[in-house]
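Here is the structure we will look at, set down as structure tokens.
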Amino acid sequence: HVQLVESGGGLVQPGGSLRLSCAVSGGTMRANCMGWFRQAPGEEREAVAVVHVKSGNTYYIDSVKGRFTISRDNAGNTLDLQMNSLKLEDTAMYYCAADSPAKIGGTIYCAGANRSFWGKGTQVTVS
């Protein structure tokens, strides 16, 4: 069955960069929408960035605009998140997801799918 596997997390100093990757395995991911989410200790999970597969349109939460870039390879096998100018408040477990509703700026993106897929997450610590 289709699985999402994240990698690339780690410990980085403020101002540093990390690149997260999400690999699709076990089949073809025929998603309409893919995204990155994060959850800090004691906080609710939040959407960080999403990309519509067909249009290529991307959406970011305000706190990461200009610092993070979401990208997807043409084959649909990987989803990346380039994170620059990292801040202490970016510390969280980061998850890759396909077709999971994502609230960004008051708008719900990626809604309407029958099911969503999630990876197990990769930890990002800025310290």
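Residue Glu89 qualifies as enclosed at atom CD: its count of foreign heavy atoms under 6.0 Å is above 12.
Minimum interatomic distance between Thr122 and Gly9 (heavy atoms only, all atoms of both residues): OG1-N, 3.1 Å. The two residues Leu4 and Cys22 have their closest heavy-atom pair at CB-SG, 3.9 Å. Taking both residues in full, the closest heavy atoms of Ser71 and Arg19 are given as OG-NH2, 3.7 Å, listed atom of the first, atom of the second, then distance. Contact between Ser100 and Phe37 at its shortest, heavy atoms only, is O-CZ, 3.9 Å.
The pair Lys87-Asp90 does not count as a salt bridge, with every side-chain nitrogen at least 4.0 angstrom from each carboxylate oxygen. Ion pairing of Glu6 with Lys120 is absent here, as no side-chain N (NZ or NE/NH1/NH2) approaches a carboxylate O to less than 4.0 Å. Ion pairing between a basic and an acidic side chain is recognised when a charged N comes within 4.0 Å of a carboxylate O; Asp99 and Arg115 show no such pairing.
Taking the side chain as every heavy atom from C-beta outward, Thr58 and Val50 never approach each other to under 4.5 Å. Proximity of Met83 to Ser17: side-chain heavy atoms (C-beta onward) are nowhere separated by under 4.5 Å. Between Cys96 and Trp118 there is no side-chain heavy-atom pair separated by less than 4.5 Å.
One N or O on the side chain of Tyr60 and one on the backbone of Ile70 form a donor-acceptor pair closer than 3.5 Å. Of the possible polar contacts, one joining the Asp73 side chain to the Thr78 backbone as a donor-acceptor pair under 3.5 Å is found. Arg45 places no side-chain N or O within donor-acceptor distance of the main-chain N or O of Gln39, the cut-off being under 3.5 Å.
Phe68 and Trp36 have their aromatic ring centers separated by at least 6.0 angstrom.
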task: Give the intermediate values and the outcome of salt bridge (Lys or Arg N to Asp or Glu O under 4.0 Å) for residues Asp80 and Arg72.
output: CA-CA 6 Å; Asp80 291 344; Arg72 179 179 173 273; over 6 Å; no
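In this structure, Val53 is not a member of the same hydrophobic cluster as Tyr95, with clusters built from ILVMFWY side-chain heavy atoms closer than 4.5 Å.
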